[in-house]
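See below for the structure under consideration.
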Amino acid sequence: MITYKLYQSNRKNNPNQGKWYARAIHNQTIETNELASIIQRNCTVKRSDVVAVLTELVEVMQDELQNGKRVKLNGFGTFKINLMSAAADSPEDFKVCKHIVGSRVNFYPSTSIDGNRVRHKVLLDGVQFAETPKNDVGTSTDEEGEETNP
């Protein structure tokens with residue numbers, strides 16, 4: 001169940017100023033060791049083996065992404081590196097150290113197509129939503145700057 005909290009837009013000069021929207025609340029983070037314990041309970045592989053594989057997966061993905069490849073995990077999604085670039089007046093004026101201003105990893109979840117030829121993101125199949133309780137006390141901010149429950 002994904003819980004959400006309603007927020008009112010207060011951005012000046014925005015046509016949606018004063019309007020309300022939902023923001024997902026994430027009150028926990030699950031890390032590699034916890035995932036490995038769950039996977040161990042669901043199959044015959046030991047937690048230590050799962051941790052080793054997941055750790056190596058991260059290292060291999062980093063290497064392959066930095067070698068300019070897309071990395072596709074079947075049934076999960078595809079990762080690739082995108083660049084943030086400043087404009088140059090001409091190809092001759094373009095300098096890597098000046099015009100490439102950053103990079104990021106983009107993730108594209110796997111999709112399936114139903115009988116009506118509609119695409120669905122596999123990771124979202126069956127997702128349900130509920131508003132977070134009104135008496136929810138104490139929120140903090142996660143790495144992306146969104147409020148979370150401690």
Side-chain angles (χ1 to χ4, degrees), residues 1-7 9-11 14 16 21-133 136-150:
M1 178 80 61
I2 303 296
T3 57
Y4 64 89
K5 189 172 186 177
L6 294 176
Y7 291 87
S9 173
N10 59 4
R11 297 169 72 186
N14 185 319
N16 293 321
Y21 63 96
R23 181 177 290 161
I25 302 296
H26 303 94
N27 57 11
Q28 292 181 325
T29 299
I30 188 164
E31 296 187 12
T32 304
N33 284 328
E34 294 167 283
L35 288 171
S37 293
I38 294 168
I39 292 169
Q40 173 183 266
R41 288 193 302 265
N42 294 331
C43 67
T44 60
V45 180
K46 294 282 190 187
R47 189 190 69 75
S48 59
D49 296 326
V50 175
V51 170
V53 170
L54 292 175
T55 301
E56 186 62 20
L57 174 65
V58 171
E59 291 179 21
V60 170
M61 284 181 65
Q62 180 180 5
D63 291 343
E64 297 302 324
L65 287 167
Q66 291 183 14
N67 284 325
K69 296 178 184 175
R70 289 186 183 121
V71 175
K72 181 177 182 179
L73 301 177
N74 295 336
F76 184 65
T78 303
F79 299 81
K80 71 176 188 172
I81 291 180
N82 277 349
L83 301 178
M84 293 172 277
S85 176
D89 292 329
S90 69
E92 296 78 26
D93 292 336
F94 187 87
K95 304 288 183 248
V96 171
C97 60
K98 178 180 176 183
H99 293 93
I100 296 180
V101 296
S103 59
R104 63 176 159 240
V105 175
N106 286 29
F107 172 68
Y108 303 92
S110 289
T111 59
S112 63
I113 300 174
D114 68 15
N116 296 321
R117 300 173 64 130
V118 175
R119 290 185 180 270
H120 299 275
K121 291 181 174 70
V122 174
L123 295 175
L124 298 177
D125 284 348
V127 70
Q128 297 178 350
F129 305 97
E131 187 171 2
T132 193
D136 194 16
V137 294
T139 58
S140 61
T141 304
D142 66 13
E143 297 85 23
E144 290 90 29
E146 294 192 15
E147 287 187 14
T148 61
N149 296 332

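FYI, the numbering just counts along the sequence from 1. Atoms considered below: every heavy atom in the structure, side chains included; atoms not considered: hydrogens, waters and symmetry mates. Just so it is clear, the structure is predicted and the values come from calculations on it, not from any experiment.
For the atom pair Leu54 CG and Asp49 CG, the distance stands at 11.0 Å (nearest 0.5 Å). Here Thr111 contributes atom OG1 and Lys121 contributes atom NZ; the two are 8.0 Å apart, rounded to the nearest 0.5 Å. Separating the OH atom in Tyr4 from the CD1 atom in Ile25 is a distance of 11.0 Å, to the nearest 0.5 Å. To the nearest 0.5 angstrom, Phe94 atom CZ is 12.5 Å from Asp89 atom CG. If you take CG on Asp63 and CE on Met61, they are separated by 11.0 Å, rounding to the nearest 0.5 Å. The CG atom of Asn42 lies 11.0 Å from the OG atom of Ser37; values are rounded to the nearest 0.5 Å.
For Arg117 against Ile113, the heavy-atom pair with the smallest separation is CA-CG2, 3.4 Å. Taking every heavy atom of both residues into account, Ser110 and Gly77 meet most closely at OG-N, 3.2 Å. Shown here for Tyr21 and Ser9, the closest heavy-atom pair between the two residues is CE2-N, 3.8 Å. Of all non-hydrogen atoms in Ser112 and Val122, the two that sit nearest each other are N-CG2, 4.0 Å. Across every non-hydrogen atom of Ala88 and His99, the tightest pair is CB-NE2, 3.6 Å.
With Glu34 contributing its side chain and Glu31 its backbone, the two residues share a donor-acceptor pair below 3.5 Å. Under the 3.5 Å distance criterion, the side-chain polar atoms of Asp114 are matched with a main-chain donor or acceptor of Asn116.
For the side-chain contact (heavy atoms from CB on, under 4.5 Å) criterion with Ile81, the lone passing option out of Arg104, Lys69, Arg70, Gln66 is Gln66.
Ring centroids of Phe76 and Phe107 are separated by less than 6.0 Å, placing the two rings close together.
The shortest distance between side-chain heavy atoms of Val127 and Ile2 falls below 4.5 Å. At least one side-chain heavy atom of Ile38 sits under 4.5 Å from a side-chain heavy atom of Ile30. When side chains are defined from C-beta on, Met1 counts as touching Gln128, because their heavy atoms get closer than 4.5 Å. Here the side chains of Leu73 and Leu57 are in contact, with some heavy-atom distance below 4.5 Å.
In Asn16, the CG atom is crowded: over 12 heavy atoms of neighbouring residues, nucleotides or ligands sit closer than 6.0 Å.
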